[in-house]
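Input: a single structure, listed below in structure tokens.
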Amino acid sequence: GQVLDPRRQRLIFYDGFHNTVWTLPLEGAGTWRQLSLPGALPAPRRYPTLVLDESRDRLILYGGIGYGGNLRAEVWVLPLQEPTAWSRMS
């Protein structure tokens, strides 16, 4: 999934297969940067829903399909202020 972070003028990309988060500045020649995320991580997945909660300055990750075709129904939140880490909501 990917979202636009207008506050920081960047694109945020969640790679559910490799379970990584990348950012790309929208100004200048920018280069992709992988966020360092300590602690618990969402299980790898394909086709998750990723949304930006602008009022709380965070990403919300929901669902997707895990290995073996099992559906993921949990919600994860990632604050966008650094330092940051995923936390499971359900």
Side-chain angles (χ1 to χ4, degrees):
Q2 59 193 14
V3 296
L4 176 65
D5 178 4
R7 183 177 296 174
R8 293 169 187 83
Q9 289 296 298
R10 65 184 180 174
L11 181 68
I12 301 173
F13 175 74
Y14 170 71
D15 178 355
F17 185 76
H18 295 104
N19 212 1
T20 56
V21 178
W22 296 81
T23 63
L24 177 67
L26 297 177
E27 296 180 1
T31 58
W32 286 100
R33 179 176 80 91
Q34 183 177 356
L35 296 183
S36 175
L37 301 172
L41 299 172
R45 63 197 66 216
R46 295 174 293 154
Y47 315 118
T49 298
L50 185 70
V51 296
L52 175 65
D53 178 356
E54 286 189 74
S55 64
R56 294 186 178 163
D57 198 27
R58 64 185 184 169
L59 294 179
I60 300 173
L61 174 72
Y62 171 74
I65 301 172
Y67 293 126
N70 58 326
L71 296 178
R72 300 274 180 200
E74 71 269 5
V75 176
W76 288 79
V77 173
L78 181 67
L80 293 177
Q81 295 177 352
E82 294 187 28
T84 187
W86 286 107
S87 59
R88 186 173 174 173
M89 298 301 291
S90 65

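Side chains are part of it too, since the values below use all heavy atoms of this structure and drop only hydrogens, waters and symmetry mates.
Take R72 and apply the salt bridge (charged side-chain N to carboxylate O under 4.0 Å, His left out) test, not counting sequence neighbours, and it matches no residue. Taking R58 as the reference, D53 meet the salt bridge (charged side-chain N to carboxylate O under 4.0 Å, His left out) condition, with sequence neighbours excluded. Checked against ring-ring contact (aromatic ring centres under 6.0 Å, His included), Y62 has no partners two or more places apart in sequence or in another chain.
With hydrophobic clusters built from ILVMFWY side chains whose heavy atoms lie under 4.5 angstrom apart, L71 shares a cluster with Y47. Follow the hydrophobic side-chain contacts under 4.5 Å out from V3 and you reach L37 in the same cluster. Y67 and I65 fall into different hydrophobic clusters, where Ile, Leu, Val, Met, Phe, Trp and Tyr residues are linked whenever their side-chain heavy atoms come under 4.5 Å apart, directly or through other members. Follow the hydrophobic side-chain contacts under 4.5 Å out from L35 and you never reach L24; the two are in separate clusters.
The nearest pair of heavy atoms linking E54 to R7 is O-NH2, 3.4 Å. Among all heavy-atom pairs drawn from L50 and Q2, the shortest one is CD2-N, 3.9 Å. The nearest pair of heavy atoms linking P79 to A85 is CD-O, 3.4 Å. Residues R45 and P48 share a closest heavy-atom pair of CD-CB, 3.7 Å. The shortest non-hydrogen separation linking T84 to Q81 is CB-O, 3.6 Å.
Each side chain to side chain donor-acceptor pair (under 3.5 Å) pair with one or both residues in residues 25-39, not counting sequence neighbours, appears once here: R33-E82. For residues 4-27, every residue pair satisfying the ring-ring contact (aromatic ring centres under 6.0 Å, His included) rule, not counting sequence neighbours, is listed here: Y14-W86. Pairs of residues two or more places apart, or lying in two chains, never qualify as salt bridge (charged side-chain N to carboxylate O under 4.0 Å, His left out) while including a residue from residues 14-24.
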Test side-chain contact (heavy atoms from CB on, under 4.5 Å) applied to L52 and L4, step by step: CA-CA 8 Å; L52 175 65; L4 176 65; over 6 Å; no
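Heavy-atom neighbours of R56 CZ from other residues, nucleotides or ligands within 6.0 Å: at or below the threshold of 12.
Using a 4.5 Å heavy-atom cutoff, the side chains of L78 and L61 are not in contact.
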